[in-house]
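Naming: A, B, ... by sequence-line order, numbering from 1 per chain.
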Number of protein chains: 2
Amino acid sequence: MAAAAGVSRGTVSRLLNGDKYVSPAARVAIERAISETGYVVNRAARSLVTQRTGSVVMVLSEPHEKLFEDPNYSTLIRVAIRMLAERDLSLVMMMAGDEGDRERVVRYVRGGHADGVLLVSTHAGDPLVEALGSGGPPAVSVGAVIGHENVIPYAAADERLGARQMTEYFVRQGRRRIAMITGPMDTPGGIQRLEGFAEVLGRKATQRLIAHGDWTQASGERAMRELLERSPDLDAVFVASDLMAAGALAALRAAGRRVPDDVAVGGFDDSAVAVSTHPPLTTIRQPLAKMAQETMRLLFALLDGAGPVEPVVLPTELVVRESA
Amino acid sequence: MAAAAGVSRGTVSRLLNGDKYVSPAARVAIERAISETGYVVNRAARSLVTQRTGSVVMVLSEPHEKLFEDPNYSTLIRVAIRMLAERDLSLVMMMAGDEGDRERVVRYVRGGHADGVLLVSTHAGDPLVEALGSGGPPAVSVGAVIGHENVIPYAAADERLGARQMTEYFVRQGRRRIAMITGPMDTPGGIQRLEGFAEVLGRKATQRLIAHGDWTQASGERAMRELLERSPDLDAVFVASDLMAAGALAALRAAGRRVPDDVAVGGFDDSAVAVSTHPPLTTIRQPLAKMAQETMRLLFALLDGAGPVEPVVLPTELVVRESA
DNA sequence: GTGAAAGCGCTAACAT
DNA sequence: ATGTTAGCGCTTTCAC
């Protein structure tokens, strides 16, 4: 290649890496040679000397079955691919659902096979976070990592705000017995959406009116049945995700309750399912694409050697459809 | 590392690569040294000499916005990650939605950055397929690549069979005016599901009873409105995907038609949305996980240097719920 | 069965 | 502004 352009390999390398000291003549000769020979740099060789890999790994920490039931991941993946591509970085996907997975991820990352780590849906106490620890490449997360909020930068929706928006909407509507189906209580969405709910209702938010799900549709249905049994007189339910809300809708229908007449149902996410249910869901829009973008921006800042970066919390928005 | 075990680097390498000529003594010494030093092979260095990268790239050819509305991709990604991990290969994701994307993919693949290519949802005539051409690493596809069925091995559902199963079910129910909403006519699912439909109905499958969608929910709704206008007396509609069927359901409801009493609705995929709609969808189950597995198996066979491999076509199954 | 040594293609430091 | 050169860490002959 260098030979084809009549210059040394050093000069070619300088051009490719944006070094300023390349003469116009050399530049032209090299560019011609590149397009004629179809030359492409060998990343392995480059990695060997630069100690960088040109790739970022997205670690999905949800148990396998549940993982992809949630359409939100799709947006994350799409945005990440796009933004990484702009920097000529590639996205490697790994799962960290069980112990074996986690070990693989740790070996991969500590082995220097990724320049950065993108954590997704990491639960509280996940040993992976400790194992990744310091000394490795920079890590960021979409959504806070509980217990590591000050260690792992993140971009997240303002979960509490969203929960308050929905709960206050119910209150304004004059709903009197407002229940909630939460997410898993070891995730920020699980914890903080409940907190927002409780902030608005105060002592009216009793245990009888709260049930827990695991983000799946089936769990939403189960939780709704539970609530109807415990508090048959409820007239509204705030469900911490659209998918679980779809399940709740099915349980309400089975119980003969009309939505929103008898029971108002509010979801969270504003994902695709929100418009495929009947009635379409009133829900809280999470700016997912923006969250993903901001998370990538944090990662890039870290990759560029910026100092410590601050978490980003983005506002949510009430989207009124027909379920409430 | 070699020093830590008191042997030469060559011996370490031999052990790591499963060469038989390693004495038990050396093996023990090396294994101890590995666990003590936390040694991990440097893939870049290995790649440099072996000319293999240890990664497979999944190329998603759908335009960006539509891409992930379809929950099916999730399963593909999950299965691919799992099966690749077992071989210590990693999954790199790329998009090929527009021209710039495609160029990047081609450079990546032709630049030798992947040991294999996993095509997903490639449309007929996609220039990417030609560009990847021969001489590169082996490529396989989930679902046939139209026009390249004999070049690119694939695992797919028996689309025609599925369409026949649904259409025959309608016929058995005594439905007389059966319409269809197809997928894009440059995809196997678009073409072959229509073929199966037409095979059963013969000349009763007229243009008036056929509308086209692009797999999105919105397109399903639009197509359904179109059909209702053209053929108000229809009493059944076979929709080529669950997501589009969700859209069709909305259009039918808006038009005041009861499902399944007035109009029977059949979907295709048996994806998560099939149970979140009201009523839940009668649909055709596509063995997606199995398709993904078989596709990976084909890829592995190719990576292992097996001769030409045969496409795999898997049977579908009618799943009766409440929409028909 | 194992050590020694060449070399994969590149970057970066050094010379000029 | 550019050529020269020394590795990066591994696999793979080739000797022994």
Side-chain angles (χ1 to χ4, degrees), chain A residues 1-34 36-55 87-90 107-115 137 303 305, chain B residues 1-34 36-55 87-90 107-115 137 303 305:
Chain A
M1 163 59 207
V7 297
S8 79
R9 301 157 59 193
T11 306
V12 175
S13 179
R14 269 185 285 271
L15 177 67
L16 260 35
N17 293 285
D19 192 304
K20 22 196 148 288
Y21 301 106
V22 180
S23 71
R27 151 170 278 114
V28 171
I30 295 171
E31 280 166 353
R32 192 184 45 69
I34 284 180
E36 276 179 8
T37 60
Y39 170 84
V40 184
V41 294
N42 180 319
R43 287 191 181 212
R46 174 181 284 176
S47 287
L48 196 52
V49 31
T50 60
Q51 306 284 19
R52 274 175 289 103
T53 62
S55 66
R87 291 195 155 217
D88 206 30
L89 290 169
S90 52
R107 281 173 45 110
Y108 192 83
V109 174
R110 303 228 66 128
H113 300 320
D115 296 344
L303 289 177
Chain B
M1 165 58 208
V7 298
S8 80
R9 302 158 63 195
T11 305
V12 174
S13 179
R14 272 185 283 268
L15 176 64
L16 259 34
N17 293 286
D19 191 302
K20 22 197 149 290
Y21 301 105
V22 179
S23 70
R27 153 172 274 114
V28 171
I30 295 170
E31 281 167 351
R32 191 182 47 71
I34 285 181
E36 275 179 8
T37 60
Y39 171 85
V40 183
V41 294
N42 180 319
R43 286 190 183 213
R46 173 181 286 173
S47 287
L48 196 52
V49 29
T50 58
Q51 306 284 21
R52 274 175 289 104
T53 63
S55 66
R87 290 194 156 216
D88 206 29
L89 290 169
S90 53
R107 282 173 45 108
Y108 191 85
V109 173
R110 304 227 67 126
H113 300 321
D115 297 343
L303 289 177

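- Straight-line distance from the CZ atom of A:Arg52 to the P atom of D:dG9: 15 Å, rounded to whole Å.
- Between A:Gln51 atom CD and C:dT11 atom P there is a gap of 14 Å when expressed in whole angstrom units.
- Residue-level contact check: B:Ser13 touches the bases, meaning some heavy atom is under 4.0 Å from a base atom.
- Scanning both residues, B:Ala45 and A:Leu48, for their nearest heavy atoms gives CB-CD1, 3.4 Å.
- Closest of all the heavy-atom pairs between B:Ala33 and B:Ala5 is CB-CB, 3.7 Å.
- When heavy atoms are screened at a 4.0 angstrom cut-off, B:Val7 is found touching the sugar-phosphate backbone but no base atom.
- Residues satisfying the ring-ring contact (aromatic ring centres under 6.0 Å, His included) test with B:Tyr108, not counting sequence neighbours, are B:His113.
- Using a 4.0 Å cutoff on non-hydrogen atoms, the parts of residues 39-49 of chain B near DNA chain C are B:Leu48, B:Val49, ordered by number.
- Side-chain nitrogen and oxygen atoms of B:Ser8 include at least one within less than 4.0 Å of the OP1 or OP2 phosphate oxygen of C:dG3.
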Would you sort out whether B:Arg46 and B:Asn17 count as a side chain to side chain contact (heavy atoms under 4.5 Å, CB included), showing the intermediate values? CA-CA 11 Å; B:Arg46 173 181 286 173; B:Asn17 293 286; 3.9 Å; yes

I'd like a table of atom pairs between the protein and nucleotides 13-16 of chain D - only N or O on both sides, under 3.5 Å - with the distance next to each one.
none

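- The salt bridge (charged side-chain N to carboxylate O under 4.0 Å, His left out) test applied to A:Arg27 returns A:Glu31, not counting sequence neighbours.
- Residue A:Thr11 places its side chain closer to D:dG3 than to any other of C:dT11, D:dT11, D:dG3.
- Remark: A:Ser8 engages A:Thr11 in a side-chain hydrogen bond (donor to acceptor under 3.5 Å, both in side chains) (not counting sequence neighbours).
- A distance of 9.5 Å separates OG1 in B:Thr37 from CZ in B:Arg32, rounded to the nearest 0.5 Å.
- At D:dT11, none of the side-chain N or O atoms of B:Thr50 fall inside 4.0 Å of OP1 or OP2 (strictly under the cut-off).
- Across all their heavy atoms, B:Val40 and A:Arg107 have their closest contact at CG1-O, 4.1 Å.
- Applying the side chain to side chain contact (heavy atoms under 4.5 Å, CB included) rule to B:Arg52 yields the partners B:Thr50, B:Asp115; only residues at least two apart in sequence or on another chain are considered.
- Rounded to a whole Å, the CG atom of B:Leu15 is 14 Å from the P atom of C:dG1.
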